[in-house]
Chemist: 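Below is the structure I would like to discuss, written out as structure tokens.
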Amino acid sequence: MDTRKIPSRKEGRVIIHFDYDCFYAAVFEAKNPSLKALPFAVQQKQIIVTCNYEARRRGLHKLQLIRDAKRICPEVIIELGEDISRFRDASKELYKFIEAYTWNGKVERLGFDEVWLDVTDMVDYNMEILNKNDLEHSFFQVSRDDPTVGFDFDATAVTGHTYPKDYSFPSAEAVDEATLRLRLGSHLAIFVRHALEQHKGYTATVGIATNKLLSKLVGNLHKPKDQTTLMPNPNTSGDHGSHAMAFLADHEIGKVPGIGFKLAQKLREHLLHRPADFDQGLVYGGTKERVTVGMVRECPDVNSEMLEKLLAGPGSQHGIGYKVWCLLHAIDDSEVSQMRTVPRQISIEDSYIRLDTLPEVLRELNILAKSLITRMRIDLLGSDEQFEPVPSEDDPDETRAPSTDGKKWLAHPKTIRLTTRPRQAMLPDGTRPRSFKRISHSAPLPNFIFALGESIESLADKLVKECLVGMFRKLHPEKAGWNLSLVNLAVTNMAETAGNSKTANGRDISNMFRRQEDVLKDFRVTDHDDSSTPSEVVADVGLKQEHGDEQQAPMVVDAVHDEWDDGSEGEDDARCEVCGMSLPSFAMVAHRRFHSLP
DNA sequence: CTGGGCTGAT
DNA sequence: ATCAGCC
């Protein structure tokens, strides 16, 4: 008896996944655009962590050894990227930019270069104001409060690429709800993507689908600087999973987010009836032992309980079998998490060719401690002014970079953790067994590091002397004989200050709206008798920078011009009965709804 | 001679 | 305290 529970597919969401193109390289290029035309790479220690597409054309790739890269492409320009603060700063800036579009605060970052946005509510709303009799001349309202902020689009077609590739969309009359919703998602995605490029100078590769898993994977079909929408099946109102199932079936098992190296090896072994070959080149995805999602799924004995038995082991996650089974079937009900105001942990690490004396260790601990305290002040301090709207006589000099005045700790980490990675001893044959095993020790974080009056240097000294030395001795009681390949220093266990919660709510929500105002104000159609025509403003919204990678988009600009450019206040305009505001008739439905809001 | 982070589960 | 997973 098959007792497995098949979760009902929830296809009601629209999720957009952004992946900034070669992010570390893009951060350098944003500052120095001349790099864009050259083969350019970013180095950390002995490897190229990422490179631009010009470099990739010449055979370079991510996580490549510097020596190999220089041999293959001697002209490559290389910058050091071991200090990742600039990437973190850029990541946060872009994250906040994207976040400003959300109505529900569901915006989740993964690493520095990926963001999910749950735009279900925006799509719901815009589905309601859609004129089903004239889909071609639709208007997408981007601001929830202002019906004039948004863009024109053609709702008879999806924009950008689709999966399946030659997806012939239903005729306007026959179009189903699910398809239409994803079309709206695709148009919103291109809008945000172009805004990102125009206002921040970053391009992104984007996927649009009904869950996080699929949105992330489907975007990969067209890289860089492009987007792909996973379309639902028409005429199968009960099951929109088939395109998704077919799409996923061709994926290498280990490429599915959530199925990492260990799980993939176990699954391969089961299907091949033998230990799978150790695919050494983790960088280069191609395995000889190609085991796909489809192969696993079609294996007759594979079900959620069997997977649990196969995959569960000591220390493994309960319900892993069920979770993997869901992933194989394109089911991912995980939510796009609400933005968090403070991270769970802050950590600083460095790796070493050789680190085997105590004085050296103390010096490195001091460097790490300084970085950590600096990071704490950057990421855990918030301005007081958000709590109590201070009268206007506060000091006008807020320009100093690491200013701590008027700042309060948003959270107090309770724990400090020191981690090392000892280098393995030599084997008799003279080779070194590579080990990535870490050992760590935790302790209460002394309160003195929260003193904002003290200098970072003196605090770091004190931390090393009063805390880290002892922790290090616990990890490495021997006087000598060890050699560390990595040291990591972290603060964890954040206790948030009263009035401040993990997820965005209360005052953070209002900040969010303030940011939305900020981002959207440039797009707002302000006044019709203004000399700058609204059409220009709206056309600017993100459609200016067409590079020929999307053919569908320019029509939106044209639609705007058709509507507004001829005649200062065209006959197509209507006047609101409630507030008297004059605006294009296509926006009137939304505007009326605006008045009907609480 | 494989970076410097992050999250979450046990 | 460690592991597995993500970039």
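What you see below is based on every heavy atom in this structure, not just the backbone, and it leaves out hydrogens, waters and symmetry mates. Proteins get letters first, then strands, A, B, ... in listed order; numbering begins at 1 in each.
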Chemist: Exactly one of A:N52, A:T50, A:T203 should register a side chain to side chain donor-acceptor pair (under 3.5 Å) with A:D21. Which one does?
Modeler: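 For A:D21, the side chain to side chain donor-acceptor pair (under 3.5 Å) check succeeds only for A:T203.
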Chemist: Which is true for A:I348 with a 4.0 Å heavy-atom rule: it touches a base, it touches only sugar-phosphate, or it touches nothing?
Modeler: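 Sugar-phosphate, no base atom in range.
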Chemist: Need one value for A:E82: base, sugar-phosphate or nothing, where a base atom within 4.0 Å counts as base even if backbone is also close, heavy atoms only.
Modeler: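 Touches sugar-phosphate only.
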Chemist: Using a cut-off of 4.0 Å on non-hydrogen atoms, how would the nucleic acid contact of A:V256 be classed: base, sugar-phosphate, or nothing?
Modeler: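 Counting heavy atoms under 4.0 Å across all strands, the contact made by A:V256 is with sugar-phosphate only.
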Chemist: Students should find this one: the first and last nucleotides of DNA chain C, 5' to 3', lying under 4.0 Å from a heavy atom of chain A. What are they?
Modeler: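 Result: C:dA1 to C:dC7.
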Chemist: Of the listed nucleotides (B:dG5, B:dT10, B:dG3), which one gets closest to any side-chain atom of A:H318?
Modeler: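 Closest nucleotide to the A:H318 side chain: B:dT10.
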Chemist: Output yes when a side-chain donor or acceptor of A:W116 lies under 3.5 Å from a complementary backbone atom of A:I15, and no otherwise.
Modeler: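 The answer is no, because no donor-acceptor pair under 3.5 Å joins these two groups.
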Chemist: Could you give the CD-to-C1' distance, from A:Q43 to B:dC1, as a whole number of Å?
Modeler: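 Atom CD in A:Q43 sits about 12 Å away from atom C1' in B:dC1.
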Chemist: Between A:Q317 and A:I353, which is nearer to the 5' end of DNA chain B once each is assigned its nearest nucleotide?
Modeler: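 Going by which nucleotide is closer to the 5' end, it is A:I353.
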Chemist: Contact class for A:E349 (heavy atom, under 4.0 Å): base, sugar-phosphate, or nothing?
Modeler: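 Base, at least one base atom sits under 4.0 Å.
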Chemist: Are the charged groups of A:D68 and A:R71 less than 4.0 angstrom apart, N to O?
Modeler: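 A:R71 and A:D68: salt-bridged.
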Chemist: Quick one: is B:dG4 close enough that its OP1 or OP2 comes under 4.0 Å of any side-chain N or O from A:S351?
Modeler: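 It does, given that an N or O in the side chain of A:S351 lies less than 4.0 Å from OP1 or OP2 of B:dG4.
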Chemist: So, does A:R109 get its side chain near the phosphate of B:dG5, meaning an N or O under 4.0 Å from OP1 or OP2?
Modeler: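 No, because none of the side-chain N or O atoms of A:R109 sits under 4.0 Å from OP1 or OP2 of B:dG5.
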Chemist: How many whole angstroms separate atom NZ of A:K323 from atom C1' of B:dA9?
Modeler: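 Rounding to the nearest Å, NZ of A:K323 and C1' of B:dA9 are 10 Å apart.
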Chemist: With distance as the sole test, does A:D113 use its side chain to make a donor-acceptor pair with the main-chain N or O of A:F23 at under 3.5 Å?
Modeler: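 No, because the side chain of A:D113 does not come within donor-acceptor range (under 3.5 Å) of the backbone of A:F23.
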Chemist: From CG of A:L380 over to P of B:dC6, roughly how many Å is that when rounded to an integer?
Modeler: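 Those two atoms, CG and P, are 11 Å apart.
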Chemist: Tell me whether A:K92 is salt-bridged to A:D379, with the criterion being a basic N under 4.0 Å from an acidic carboxylate O.
Modeler: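 A:D379 and A:K92: salt-bridged.
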Chemist: Mind checking A:L263 for me? I need base, sugar-phosphate or nothing, with any heavy atom below 4.0 Å counting as a touch.
Modeler: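 The residue A:L263 makes sugar-phosphate contact but no base contact.
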Chemist: Take the protein atom CD of A:E364 and the nucleotide atom C1' of B:dG4, then report the distance between them rounded to whole Å.
Modeler: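 Whole-Å distance recorded here is 15 Å.
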Chemist: Determine the contact category for A:K216: base if any of its heavy atoms lies under 4.0 Å from a base atom, sugar-phosphate if only primed atoms, P, OP1 or OP2 are that close, otherwise nothing.
Modeler: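 If one applies the 4.0 Å heavy-atom cut-off, A:K216 turns out to touch the sugar-phosphate alone, with no base involved.
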Chemist: Of all residues at least two apart in sequence or in a different chain, which pass the side-chain hydrogen bond (donor to acceptor under 3.5 Å, both in side chains) check with A:E114?
Modeler: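 Listed in chain order: A:H17, A:K216.
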Chemist: Please report, rounded to the nearest Å, how far the P atom of B:dG5 is from the NZ atom of A:K45.
Modeler: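 From A:K45 NZ to B:dG5 P: 9 Å.
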Chemist: Looking at every strand, decide which applies to A:D350 at a 4.0 Å heavy-atom threshold: base, sugar-phosphate, or nothing.
Modeler: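 It contacts sugar-phosphate atoms only.
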Chemist: Regarding A:L65, tell me which of base, sugar-phosphate or nothing describes its non-hydrogen contacts under 4.0 Å with the strands shown.
Modeler: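 Base contact - A:L65 has a heavy atom under 4.0 Å of at least one base atom.
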Chemist: Which part of the nucleic acid, if any, lies within reach of A:I66 when heavy atoms closer than 4.0 Å are counted: base, sugar-phosphate only, or nothing?
Modeler: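 Nothing: the residue A:I66, judged by heavy atoms under 4.0 Å, touches no strand.
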Chemist: Quick one: A:F112 CZ to B:dG4 P, roughly how many Å, whole number?
Modeler: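 Value for this atom pair: 12 Å.
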Chemist: Any base atoms under 4.0 Å from A:G258, or only sugar-phosphate, or nothing? Heavy atoms, all strands.
Modeler: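 If one applies the 4.0 Å heavy-atom cut-off, A:G258 turns out to touch the sugar-phosphate alone, with no base involved.
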Chemist: For A:L63 and B:dG4, what is the distance between atoms CG and P respectively, to the nearest whole Å?
Modeler: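 Nearest whole value for this atom pair: 12 Å.
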Chemist: Salt bridge between A:R58 and A:E54, side-chain N to carboxylate O under 4.0 Å?
Modeler: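 Looking at A:E54 together with A:R58, the answer is yes, because their closest N to O distance falls below 4.0 Å.
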Chemist: Please give, in whole Å, the distance from B:dC6 C1' to A:Y24 OH?
Modeler: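 It is 10 Å, rounded to the nearest whole Å.
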Chemist: Identify which one of A:V218, A:I16, A:I190 satisfies the side-chain contact (heavy atoms from CB on, under 4.5 Å) criterion when paired with A:Q227.
Modeler: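 With A:Q227 as partner, side-chain contact (heavy atoms from CB on, under 4.5 Å) holds for just one option, A:I190.
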Chemist: Taking any heavy-atom pair under 4.0 Å as a contact, classify A:S442: base, sugar-phosphate, or nothing.
Modeler: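 Sugar-phosphate only.
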Chemist: Picking from B:dT7, B:dG4, B:dT10, which would you name as closest to the side chain of A:P343?
Modeler: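 Given the options B:dT7, B:dG4, B:dT10, the side chain of A:P343 is closest to B:dT7.
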Chemist: Under 4.0 Å, heavy atoms only, any strand: does A:P314 hit a base, just the sugar-phosphate, or nothing?
Modeler: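 Result for A:P314 = nothing.
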Chemist: Want to settle it: does A:L368 or A:S316 sit nearer the 5' end of DNA chain B, counting the closest nucleotide to each?
Modeler: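 Looking at DNA chain B, the more 5' nearest nucleotide goes with A:L368.
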Chemist: If you only use heavy atoms from C-beta on, which nucleotide in B:dG3, B:dG4, B:dC6 is closest to the side chain of A:Q46?
Modeler: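 Nucleotide nearest to A:Q46's side chain: B:dG3.
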Chemist: Is a salt bridge present between A:K106 and A:E335, judged by a nitrogen-to-oxygen distance below 4.0 Å?
Modeler: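 Yes, A:K106 and A:E335 are salt-bridged.
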Chemist: A:R88 side chain: which of B:dA9, B:dG4, B:dC6 is closest?
Modeler: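 Closest nucleotide among those given: B:dC6.
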Chemist: Can a side chain N or O of A:R375 be found less than 4.0 Å away from OP1 or OP2 on B:dC6?
Modeler: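 Looking at the OP1 and OP2 atoms of B:dC6, one of them is under 4.0 Å from a side-chain N or O of A:R375.
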